[in-house]
Enquirer: 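If you scroll down you'll find the structure; I have some questions about it.
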Amino acid sequence: MLTYDIIAFIYPVAFAATRGITSHEDTSHPHRSRLNSTKKPQTLSGIGGHHNNHHKSRRRSLQHEDAFIPDLCDSPAYTSCVESGYVQRNNPLYDASNNNQTNILDLNHVKSYNRGIPISAYPKSLIQWPVDGSTKNKRISEVKKQVKLLGNFIKMTVGGGHHAEALSDDKTPTNPPPFSGHVDMSRIPVHNLAHSADETSMAKWDDIKTQMQTGRMKEAKQMVRETDWSLGSPARENLWREMCRHHSSEKDFGDFYYWDSVKQIYGTTELSECSVQMPAFIDTSYKISHSLSPRGVTACERIISVIAFSHPAITYAPSLYALTSMLLHYMDEVDAYNCMAALVSGAQNKFLTQTKIANEAHWRAAMILGKKHIRGAFSTLSKFGVPQEQIEEAFHSWIWWILAALPITHVVRVLDCFLFEGSKVMLRIALAIFHLFVKAVAHDPAMVGALPSKGLNESIMQFCQNIQISPQKLLKTAFGIRAFSKSEITKVVVQTEMYLKSQRMMGGGSSGIGQPNVPETPALNRSVSLEGLPTSESQSNIQMMSHTLTIKEGSRSPAPRVRAMGQYPIQSVKSMVVTRDELLTLWSWLPMRMTMHQPTLVYTTEEHGCSLTTFFQRVEKHEPTLLCIRTLDDYVFGAYCSTAWAQRHHKDEFGNWQTYFGTGETFLFTLRPTVAKYQWIGISKQQDNAELSSVEHSQELFMHADSNMITIGGGNGQGIMLDHDFRYGKTETCQTFENPPLVPNGDFEVKIIEVYSLVNM
């Protein structure tokens, strides 16, 4: 049974809904003559008492404009409101001069009082009518939607006590869908939950999935970008989970592994008994929990601790905390963990940076791309006297403009697109924010005057907190940046990351703020670098991985890596192509993160036969792989293939089949009779301190495959080519690696081929 306080909240608002009170007093409109009133109600009567059962008397009482049910004014709730000063008889509830910007029902204000409801809690205009010229059916439909919304508000108000009671009983409270029990509903402004559109007609995951299954990726992206789901949209309850499941190799999100890990780490699965300690890769100055309750925050931190346990290669992932907390707004703890595990294990580090170098490469890439695509914003700031150091400092925090400063209504819409398309969405949003901020500064002298005292980054953060445009307008601005392709983003990020690594390898600084700028000409590989990407490992491999990781990210070894057997997980490898010493040499050339993995022989001509078809069946889904060839003349050579051979089935962003694919980590090698590594020419130029210039297309031909052959390296020659039956091959000088022929006469006959996978499938 509802209390007087709740009734006092419901009755006048519901009555207003049935009367059709609107903020637009336009009596001249032919369709609104009955709904609009020339008078305003002057008093807010209490709720309670007895209703007159006579219909005629009831109609007469409803015709009065000066009071709501006058015979109820002596109710205890109303008396309490008046005595408390929350309701004044001469204070009108509705004001015809207001606009839709003030149409806010302050539920937090309502919850804060035990006796009565403050008049300020009510919206000045409850009903937002359709535009002029609307029909009667449209107005009735609008009333129904508003009444339904009002019912949700009432449930949340009544549920406040249940929330507190659940917390006192150490249980997860029940919140109205789509929000999980980890959310403190009192921290979400109620007006953020309102939405004027009919969400039943909006796209659902099934609609998006159908587009994806039919190969219409562009249409699916547009659907996610343009569907304006509100903060409380029921569609988001499953949308995020299914998007993450789509990116995961584990299509079935089970709960066994998560709870088993929690039990191993903490000895219990009870949330209140878990003393959580954050891993070192979290930036403790940005622990963004948004609207989570205290129990929700603990659950978020427990998820992150399990992520650290199951992905020990992560060394720096500052955005992981904020993303986990947002997932917990719409799903339970296990699903949130599975989704985060899918994101950190995503192919080619698509969703979030996991090393300090990658993090620095992304913020520098954002600044480089901004100077190209919104150069006017940078020139405007220069006119206002903003130094380059402040711009670098601001872009160093670009991710926090989005995850920490934007309102939650904007964050969830950004994440809708981010969970579908990856980190390029974040870069676009950051540039859109920067562009809108500079545009606002140019039209507001007060903001210009505040720049010297606040600093650029603080000013941008404040601009985001008080952003005046809608989430959909922000997305439209971000995706409206012209000629801003995914390939260009990837190219600049890879270029910057490799430049930073080469600086560290040569003993240079970390290129922090104040250091010389990274050259701005995008000049490296057009494919994604896999450096720093942790891959999903089973629990049985975690201990082995932690022992084999001997050089931490960001540090420099005082000498070349010692070839001690204990450092490499290759003791069990029994190869018919390479010796143990040759294998150790080869292992020292691999990217550091790959030396942690136990190599698995997935294909050998000795066991599986000489067939390109069999090769693809057994190898194409593995990434990366190590190809080792031994000829009849006892030459031993091969290649490190950074990308899965299944990439030959993929199309580029223009819908064309990819002729060549792969990344700049691919390299050729020879072990017998000479020992040499031939890396991508783009890296070699940087290490030789040559000026960075655009790498020609012929120097980016890493891997090729079709039904007749496979090729590694291209451009005026083929580094390694094998025919369809894996019996004969050719090796030539190629522009991608600038290698000599790996065998003296260029042509060879295969004796044995072995392919090793470096990641457990």
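Just so it is clear, the values below take in all heavy atoms, side chains as well, and ignore hydrogens, waters and symmetry mates.
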Enquirer: Does Glu582 pair with Arg672 as a salt bridge, N-O distance under 4.0 Å?
Expert: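 Yes, charged N to carboxylate O under 4.0 Å.
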Enquirer: For Phe669, is the NZ or CZ atom of Lys677 found under 6.0 angstrom from the centre of its six-membered ring and inside 45 degrees of the ring axis?
Expert: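 Judged by the rule, Lys677 and Phe669 form no cation-pi pair.
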Enquirer: Side chains of Glu360 and Leu500: closer than 4.5 Å at any heavy-atom pair?
Expert: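 Contact flag for Glu360/Leu500 side chains = yes.
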Enquirer: Let me confirm one number: the NE2-CG distance from His362 to Leu427, rounded to the nearest 0.5 Å.
Expert: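 One gets 6.0 Å once the value is rounded to the nearest 0.5 Å.
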Enquirer: Taking salt bridge (charged side-chain N to carboxylate O under 4.0 Å, His left out) as the test, write out the residues that go with Glu738, two or more places apart.
Expert: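 For Glu738, no residue satisfies salt bridge (charged side-chain N to carboxylate O under 4.0 Å, His left out) once neighbours in sequence are set aside.
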Enquirer: Between Tyr640 and Phe667, what is the ring plane arrangement, given parallel below 30°, perpendicular above 60°, and tilted in between?
Expert: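 Rings of Tyr640 and Phe667: parallel, as their planes differ by under 30°.
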Enquirer: Kindly say whether the aromatic ring centers of Phe420 and His246 come within a distance under 6.0 Å.
Expert: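 Here the rings of His246 and Phe420 have centres that are no less than 6.0 Å from each other.
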Enquirer: Do any N or O atoms from the side chain of Thr585 and from the backbone of Asp581 form a donor-acceptor pair under 3.5 angstrom?
Expert: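 Yes: the side chain of Thr585 pairs with the backbone of Asp581.
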Enquirer: Without swapping roles, check the side chain of Thr663 against the backbone of Ser642 for a donor-acceptor pair under 3.5 Å.
Expert: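 Not confirmed, Thr663 side chain does not pair with Ser642 backbone.
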Enquirer: I'd like to check the salt bridge (charged side-chain N to carboxylate O under 4.0 Å, His left out) partners of Arg630; sequence neighbours left out, ordered by chain and number.
Expert: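 Testing Arg630 for salt bridge (charged side-chain N to carboxylate O under 4.0 Å, His left out), a comparison that skips the adjacent residues, returns Asp634.
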Enquirer: Less than 4.0 angstrom from a charged side-chain N to a carboxylate O is my criterion; do Glu497 and Lys491 meet it?
Expert: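 No salt bridge links Glu497 with Lys491.
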Enquirer: Among residues at least two apart in sequence or on other chains, which ones pass ring pair (Phe, Tyr, Trp, His ring centres under 6.0 Å) with Phe748?
Expert: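 Phe748: ring pair (Phe, Tyr, Trp, His ring centres under 6.0 Å) contacts with Phe637.
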Enquirer: Given 3.5 Å as the limit, does a donor-acceptor pair link the side chain of Ser248 with the main chain of Cys244, or not?
Expert: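 Side chain of Ser248 to backbone of Cys244: no pair is present.
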Enquirer: Short question: side chain of Thr490, backbone of Lys486 - any donor-acceptor pair under 3.5 Å?
Expert: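 Yes.
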Enquirer: Could you state the interatomic distance from CG (Leu742) to CZ (Phe737), rounded to the nearest 0.5 Å?
Expert: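 It is 10.0 Å, given to the nearest 0.5 Å.
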Enquirer: With sequence neighbours left out, which residue pairs that include part of residues 703-712 fulfil the side-chain hydrogen bond (donor to acceptor under 3.5 Å, both in side chains) condition?
Expert: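 Sorted pair list: His704-Asp706.
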Enquirer: With a distance cut-off below 6.0 Å to the six-membered ring centre and an angular limit of 45° from the axis, does Arg428 pair with Phe484 as a cation-pi contact?
Expert: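 Not flagged: Arg428 not positioned over aromatic ring of Phe484.
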Enquirer: Any chance you could measure Gln222, atom CD, to Met217, atom CE, to the nearest 0.5 Å?
Expert: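 Atom-to-atom, Gln222:CD and Met217:CE are 12.5 Å apart.
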Enquirer: For a side chain to side chain donor-acceptor pair (under 3.5 Å) with Ser757, tell me which candidate from His622, Arg618, His597 qualifies.
Expert: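 Among His622, Arg618, His597, the one meeting side chain to side chain donor-acceptor pair (under 3.5 Å) with Ser757 is His622.
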Enquirer: For the CD1 atom of Ile752 and the OG atom of Ser575, what is their distance to the nearest 0.5 Å?
Expert: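 One gets 8.0 Å once the value is rounded to the nearest 0.5 Å.
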Enquirer: Determine, using ring centers only, whether Phe615 and Tyr603 are less than 6.0 Å apart.
Expert: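 Ring-ring flag for Tyr603/Phe615: true, centres closer than 6.0 Å.
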Enquirer: Show me the pairs that pass salt bridge (charged side-chain N to carboxylate O under 4.0 Å, His left out) and involve residues 710-728, at least two apart or across chains.
Expert: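 Qualifying pairs, neighbours excluded: none.
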Enquirer: Mind checking the NE2-CG spacing from His724 to Leu722? Nearest 0.5 Å is all I need.
Expert: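 That separation rounds to 12.0 Å.
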Enquirer: Sorted by first residue and then second, give each salt bridge (charged side-chain N to carboxylate O under 4.0 Å, His left out) pair with at least one member in residues 598-614; sequence neighbours left out.
Expert: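 Listed once each, the pairs would be none.
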Enquirer: Which value, rounded to the nearest 0.5 Å, describes the distance between Ile402 atom CD1 and Ser319 atom OG?
Expert: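 Ile402 atom CD1 to Ser319 atom OG measures 10.0 Å (nearest 0.5 Å).
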